[in-house]
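So the structure is just underneath, and the comments pick up after that.
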Amino acid sequence: MKYQRLRGVKDVVPEITPVWEHIIIKSSGIFKLYDYRLIITPTIEEIGLFVRGIGEGSDIVMKEMYDFKDKKGRHIVLRPEGTAGVVRAYIENNMGPKSNLYYLGQMFRYERPQAGRYREFFQIGVEAFGDATPYKDAEVIRMAADIIAAIGVTGSVLHINCLAAEDGYYEKLKTFLETKRAGLCGDCLNKLERAPIRVLDCKNETCKKAVMDAPLITQNLKPEAAEHYSKVKEMLVASYTAYVETPTMVRGLDYYTGTVFEFTTDKLGPQQNTILAGGRYDNLVEELGGKKTPATGFALGMERMAEVLTAEGRIIDAAGPDVFVVADKAYLHEGFDLLNKLRAQGVKAAMSYEGNSFKSQFREAESKKSRFVVIIGENEIKTGSYALKNMATGAQQAMDLECIVKEVKNE
RNA sequence: GUAGGUGUAGUUCAGUUGGUUAGAACGCCAGGAUGUGGCCCUGGAGGUCGCGGGUUCGACUCCCGUCACUUACCCCA
């Protein structure tokens with residue numbers, strides 16, 4: 001019986017994992033720099049957390065949750081995103097009141113798989129609790145930009161918006177859109193009730209024309225939010241963070257209350273061009289049973305980030321061994337002995353134990369991209385030394401273990 | 001959930017109007033005077049043609065179903 005992976009999931013094979021390691025290492029470095037600490041929360045949570053946290057009406061909750069009943073009949077979901085679980089942990093562990101956290105791990109959404117979209121995917125994110133100032137918004141955005149830069153993605157664009165609309169804005173927008181009904185496409189008529197701001201973002205030319213004079217959210221913010229938001233923009237400029245204000249940008253999760261942002265790329269398809277996204281959510285902690293605590297955060301999508309790197313031609317390879325030990329069939333014992341001595345001295349070493357022909361062993365060394373080969377055969381045993389060959393130059397000479405270690409580490 | 005496309009070797013794909021032992025390239029393995037890799041040459045292994053059913057003397061090829069993959073919509077990372 002041959003099994004195959006489930007729908008919408010993938011194996012991240014060793015050809016790809018170096019890219020993932022690169023992204024994890026680079027982003028972790030930035031988190032440390034900003035004094036954020038790692039938190040690991042469970043993959044499973046009770047369903048209520050997300051229904052309450054993300055919003056009952058959101059697509060994620062309505063149709064994309066990977067849920068099941070456990071043996072005691074508890075209704076459980078594989079987390080569809082990271083924030084709700086971290087907020088739950090923040091409250092439950094009495095952390096705080098100011099906590100700067102980052103996390104990483106798999107998320108699950110039961111959707112139709114598509115380019116850049118999987119049922120199980122990997123996110124790296126941060127959540128910063130207890131700071132309501134615009135500086136914090138700017139810090140988090142600046143940190144995101146630093147991560148993207150550290151990873152080596154170029155040409156991404158930062159979009160920002162603020163979702164703290166003053167009371168009545170949505171009504172005002174809907175009323176305006178009603179007057180333009182005739183010029184809107186079917187999709188937009190659908191969105192009109194559910195997510196009116198999205199109508200402003202339609203690619204359809206006639207829709208674009210119809211909504212040209214629509215009231216923008218950025219022109220209709222709560223007064224204190226407007227002040228906060230303009231300070232955020234000021235601090236972005238002050239920290240040399242280029243941004244584009246995009247008043248049509250909304251987020252898929254209902255909990256955002258203020259500044260929101262997205263980094264997009266043109267290297268992937270238009271529908272999966274968001275590589276990192278986040279924003280401020282000042283009500284969620286209270287909503288989930290904690291004290292009222294301001295918070296802001298973001299998450300980046302590992303798969304998309306990795307695909308962007310690949311699309312940009314960045315080649316991130318795992319390094320091969322420093323030394324590959326080639327031993328004659330009669331001297332496998334000596335070869336194994338040398339292998340262990342090399343490793344004990346911190347030299348990355350590999351060997352084939354089958355005692356195949358030298359040609360075959362050399363081919364293996366080549367395919368592993370080994371920098372050096374050490375040969376143990378008749379001659380070496382007789383003279384009591386080893387032959388070290390540099391695979392790049394082809395140069396080869398006899399030497400003892402000490403010299404080998406020195407030579408290999410010197411390069 | 002809706003709509004399209006595709007399932008043939010490890011991978012990317014050929015396969016003529018249905019007809020005998022299903023091919024190529026790359027990859028893999030082995031060999032090519034001298035214990036020595038990459039390039040080149042020779043040879044070899046590897047496929048129940050996604051699965052099930054139907055039509056037919058005969059199906060990789062036609063029909064139905066199913067599963068999977070893929071693209072777009074919706075939405076999102």
Side-chain angles (χ1 to χ4, degrees), chain A residues 2-10 13 15 23 54 57-64 80-83 104-125 144 185-188 190-191 194-195 198 201-204 249-253 262-265 268-278 298-308 320 324 326-331 352 354-382 387-396:
Chain A
K2 195 178 168 188
Y3 296 98
Q4 60 180 184
R5 69 183 84 95
L6 259 20
R7 181 129 217 235
V9 301
K10 77 275 163 198
V13 295
E15 282 70 34
I23 292 169
I54 300 173
S58 68
D59 274 30
I60 292 178
V61 166
M62 287 205 301
K63 48 185 207 187
E64 295 171 3
E81 58 100 47
T83 300
L104 69 184
Q106 280 99 321
M107 309 297 158
F108 302 81
R109 288 181 204 172
Y110 198 90
E111 304 178 80
R112 264 299 160 77
Q114 208 184 107
R117 193 170 81 183
Y118 306 89
R119 285 185 173 178
E120 178 179 11
F121 55 99
F122 198 99
Q123 287 191 335
I124 301 176
C185 67
D187 274 350
C188 286
N190 249 324
K191 288 177 199 163
R194 238 174 348 110
R198 284 190 199 279
D201 199 24
C202 188
K203 297 129 205 154
N204 192 312
M249 180 176 71
V250 293
R251 316 261 50 253
L253 299 90
E262 268 184 22
F263 284 80
T264 60
T265 173
L268 305 178
Q271 299 312 319
Q272 54 274 347
N273 58 4
T274 303
I275 52 175
L276 184 156
F298 66 76
L300 72 82
M302 178 67 91
E303 288 81 1
R304 287 183 189 177
M305 200 64 83
E307 275 170 45
V308 173
F324 191 90
V326 168
D328 187 279
K329 194 167 192 140
Y331 305 113
S352 165
E354 268 94 24
N356 293 325
S357 69
F358 275 31
K359 178 175 192 153
S360 163
Q361 293 191 53
F362 263 84
R363 278 183 178 161
E364 189 169 341
E366 172 67 25
S367 75
K368 280 180 177 296
K369 298 192 172 75
S370 188
R371 288 167 54 224
F372 291 90
V373 161
V374 172
I375 303 161
I376 306 177
E378 202 68 43
N379 301 342
E380 287 70 27
I381 296 298
K382 269 187 209 153
L388 180 75
K389 177 168 183 169
N390 182 318
M391 293 295 273
T393 66
Q396 180 174 330

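Letters A, B, ... are given to chains in the order of the sequence lines, protein chains preceding strands, and every chain is numbered from 1.
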In whole Å, what is the span from the [atom1] atom of [X] to the [atom2] atom of [N]?
| X | N | atom1 | atom2 | value |
| --- | --- | --- | --- | --- |
| A/R117 | B/C75 | CZ | P | 11 Å |
| A/E111 | B/A72 | CD | P | 14 Å |
| A/N273 | B/A72 | CG | C1' | 15 Å |

Collect all protein-nucleotide pairs involving nucleotides 33-42 of chain B in which both atoms are nitrogen or oxygen and the distance is under 3.5 Å.
from  : atom 1 : to     : atom 2 : distance (Å)
B/G35 : O6     : A/N379 : ND2    : 2.2
B/G35 : N1     : A/E380 : OE1    : 3.1
B/G35 : N1     : A/E380 : OE2    : 3.3
B/G35 : N2     : A/G377 : N      : 3.2
B/G35 : N2     : A/E380 : OE1    : 3.1
B/U36 : O2     : A/K389 : NZ     : 2.8
B/U36 : O2     : A/Q396 : OE1    : 3.4
B/U36 : N3     : A/Q396 : OE1    : 2.6
B/U36 : N3     : A/Q396 : NE2    : 3.2
B/U36 : O4     : A/Q396 : OE1    : 3.3
B/U36 : O4     : A/Q396 : NE2    : 2.3
B/G37 : N7     : A/K389 : NZ     : 3.4
B/G37 : N1     : A/M391 : O      : 2.5
B/G37 : N2     : A/E366 : OE1    : 2.9
B/G37 : N2     : A/M391 : O      : 2.7
B/G37 : N3     : A/E366 : OE1    : 2.9

- Task: Take atom CZ of A/F358 as the centre, draw a 6.0 Å sphere, and report whether it contains more than 12 heavy atoms from other residues, nucleotides or ligands.
- Result: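 Check passes, neighbour count above 12.
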> For A/K329, does the NZ atom have more than 12 heavy-atom neighbours from other residues, nucleotides or ligands under 6.0 Å away?
Replying inline: no
(request) Report which part of the nucleic acid A/R251 touches: base, sugar-phosphate, or nothing (heavy-atom distance under 4.0 Å, all strands). (result)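 Sugar-phosphate: the residue A/R251, judged by heavy atoms under 4.0 Å, touches backbone atoms but no base.
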To the nearest 0.5 Å, atom CZ of A/R304 lies from atom OG1 of A/T265 at 11.0 Å
Distance check, rounded to the nearest 0.5 Å: A/R117 atom CZ versus A/R112 atom CZ?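 Here the interatomic distance stands at 9.5 Å.
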Q.
Restricting to side-chain contact (heavy atoms from CB on, under 4.5 Å), what partner residues turn up for A/K369, sequence neighbours left out?
A.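 Listed in chain order: A/D317.
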Residues passing the side-chain contact (heavy atoms from CB on, under 4.5 Å) test with A/E378, sequence neighbours excluded, are A/Y331, A/K382
Determine whether a donor-acceptor pair (N or O, by modelled atom type, separation under 3.5 Å) exists between the side chain of [X] and the backbone of [Y].
| X | Y | answer |
| --- | --- | --- |
| A/K368 | A/R363 | no |
| A/T264 | A/T274 | no |
| A/E303 | A/F122 | yes |

Please report the distance separating the [atom1] of [N] from the corresponding atom of [M], rounded so that it comes out in whole Å.
| N | M | atom1 | value |
| --- | --- | --- | --- |
| B/U17 | B/A59 | C1' | 14 Å |
| B/C29 | B/A68 | C1' | 31 Å |
| B/A3 | B/G65 | P | 13 Å |
| B/C13 | B/C57 | P | 37 Å |
| B/G5 | B/U42 | C1' | 42 Å |
| B/C28 | B/G19 | C1' | 34 Å |
| B/U71 | B/C26 | P | 28 Å |
| B/G7 | B/A14 | C1' | 15 Å |

- request: Take A/L104 and A/M302 through the side chain to side chain contact (heavy atoms under 4.5 Å, CB included) test and state the conclusion after the steps.
  value: CA-CA 10 Å; A/L104 69 184; A/M302 178 67 91; over 6 Å; no
Test: A/E111 and A/R119 ion pair at under 4.0 Å = no
Tell me whether A/K389 forms a cation-pi arrangement with A/F372, defined as NZ or CZ under 6.0 Å from the six-membered ring centre and within 45 degrees of its axis. no
Note, RNA chain B 5' to 3' with Watson-Crick or G-U pairs under 3.5 Å encoded as ( ), [ ], | and . gives (((((((..((((.....[...)))).(((((.......))))).....(((((..]....))))))))))))....
Contact string for nucleotides 5-13 of chain B, one letter per nucleotide 5' to 3', B = base within protein heavy-atom range under 4.0 Å, S = sugar-phosphate only, - = neither, reads ---------
In B/S/- notation (B base, S sugar-phosphate only, - none; protein heavy atoms under 4.0 Å), nucleotides 65-71 of chain B written 5' to 3' is ---SSBS
Test side chain to side chain contact (heavy atoms under 4.5 Å, CB included) on A/I381 and A/I376 and set out the steps. CA-CA 7 Å; A/I381 296 298; A/I376 306 177; 3.9 Å; yes
So A/R371 and A/N390, do their side chains get closer than 4.5 Å, heavy atoms only?
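Not touching, per the 4.5 Å side-chain cut-off.
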